[in-house]
Amino acid sequence: MGLIAENLKSVRERIKRACSRAGRNPDSVTLVGVTKTVDPERISAGVEAGLEHVGENYVQEAKKKKEKLDNLKVTWHFIGHLQSNKAKQAVKFFDWIHTLDRQSLAKKLNSAVQKLRTEPLPVLIQVNVGLEDTKSGVHPDELFDLYKSVIHLDGLQVRGLMVIPPFEENPEATRVYFRNLKNLLDRLRDISPTPELLTELSMGMSHDFEVAIEEGATMVRVGTAIFGKRPAK
Ligand SMILES: *Cc1c(COP(=O)(O)O)cnc(C)c1O
């Protein structure tokens with residue numbers, strides 16, 4: 001077995017164990033393999049080993065890779081900061097957007113969907129739960145207003161929330177952010193006309209996905225633990 005396949009197997013086993021600790025069905029957690037800086041050959045190896053979802057941070061990088069991987073049966077998630085002038089390309093190349101965080105971007109995405117797709121685009125709202133100046137994501141106090149403005153857009157279907165918490169050496173220290181995101185999703189369901197659509201919590205990366213699963217993650221975004229260390233920028 002190749003290294004990527006072995007890593008994938010071990011990540012899946014860790015997901016299973018975390019689910020069992022939390023009394024959850026492992027099928028309720030989607031593993032998104034994060035492939036920024038990973039070349040197309042290694043992405044293919046991941047998909048051959050059973051990966052069904054991949055996440056990319058940059059539209060241009062994903063575009064180039066997709067040209068080489070066009071016949072690959074995999075769902076593409078956009079997980080990076082999305083500039084408004086890239087909205088149209090993002091709609092073209094991705095099946096899910098995890099990082100909607102402002103109304104102006106929602107409008108751009110919506111009009112691109114009207115032109116390019118027949119079905120609404122599933123999106124997650126990124127919340128700056130850690131209240132960090134440097135991070136994107138909507139402030140928790142503004143989440144409800146953003147949500148209300150987005151549900152009027154026919155091209156977008158809000159499916160849940162996403163967080164990139166502040167980095168903590170000890171994954172246990174991240175638990176509170178995951179729990180806060182789950183609470184926000186529950187409160188959003190209370191005011192939503194379509195609570196049944198609000199099912200997703202995208203949270204947890206290589207070093208803390210087990211804690212995230214214990215706190216209710218339905219999508220974990222795992223790069224390093226599958227594809228190895230990325231080259232330094
Ligand atoms: C890079 C990245 C990941 C994956 O991080 P790893 O620590 O390599 O698992 C997950 N989510 C986002 C938003 C990222 O940018």
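Indexing begins at 1, ligand by ligand and atom by atom, following the structure's order. All residue numbers in this chain count up from 1 along the given sequence.
Ring geometry for His77 versus Trp96: interplanar angle under 30°, hence parallel rather than tilted (30 to 60°).
With a heavy-atom cut-off of 4.0 Å, His207 does not touch ligand 1 at all. By the criterion of a heavy-atom distance under 4.0 Å, the side chain of Val34, and not its backbone, is placed next to ligand 1.
Remark: ligand 1 and Gly223 share an N or O pair separated by less than 3.5 Å (distance only, no angle test).
Listed by number with element, the atoms of ligand 1 under 4.0 Å from a non-hydrogen atom of Val222 are 9 (O). The Ile79 neighbourhood of ligand 1 comprises atoms 11 (N), 12 (C), 13 (C), 14 (C), with distances under 4.0 Å to a heavy atom of that residue. Annotation for ligand 1: atoms under 4.0 Å from non-hydrogen atoms of Arg221 are 4 (C), 9 (O), 10 (C), 11 (N), 12 (C), 13 (C). Heavy-atom contacts of Asn57 reach the following atoms of ligand 1: 14 (C), 15 (O) (cutoff under 4.0 Å). Near Ser206, meaning under 4.0 Å from one of its heavy atoms, ligand 1 places the atoms 6 (P), 7 (O), 8 (O), 9 (O).
Given atom 2 (C) of ligand 1, the protein heavy atom at minimum distance is Lys36 NZ, 2.5 Å. Protein heavy atom in closest approach to atom 10 (C) of ligand 1: Met205 SD, 3.2 Å.
Closest to atom 8 (O) of ligand 1 by heavy atom, among Ile226, Thr224, Val163, is Thr224.
Interatomic distance, Ile43 CD1 to Trp76 CH2, rounded to the nearest 0.5 Å: 5.0 Å.
Taking a 4.0 Å cut-off on heavy atoms, His98 fails to register as neighbouring ligand 1.
Residue-environment remark: CZ (Arg187) stays at or below the threshold of 12 foreign heavy atoms within 6.0 Å.
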Given the rule in the salt bridge (Lys or Arg N to Asp or Glu O under 4.0 Å) test, do Glu61 and Lys36 qualify, once you have shown the distances and angles that lead to the verdict?
CA-CA 8 Å; Glu61 183 183 337; Lys36 58 175 174 246; over 6 Å; no

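Looking at Lys65, Lys63, Lys66 one by one, the single match for side chain to side chain donor-acceptor pair (under 3.5 Å) with Glu56 turns out to be Lys65.
The closest side-chain donor-acceptor pair between Arg102 and Ser136, if any, does not fall under 3.5 angstrom. Side-chain contact annotation: Ser202 with His98, donor-acceptor N/O pair under 3.5 Å present.
Taking the salt bridge (charged side-chain N to carboxylate O under 4.0 Å, His left out) definition, one finds that Glu200 meets it with Arg159, sequence neighbours left out.
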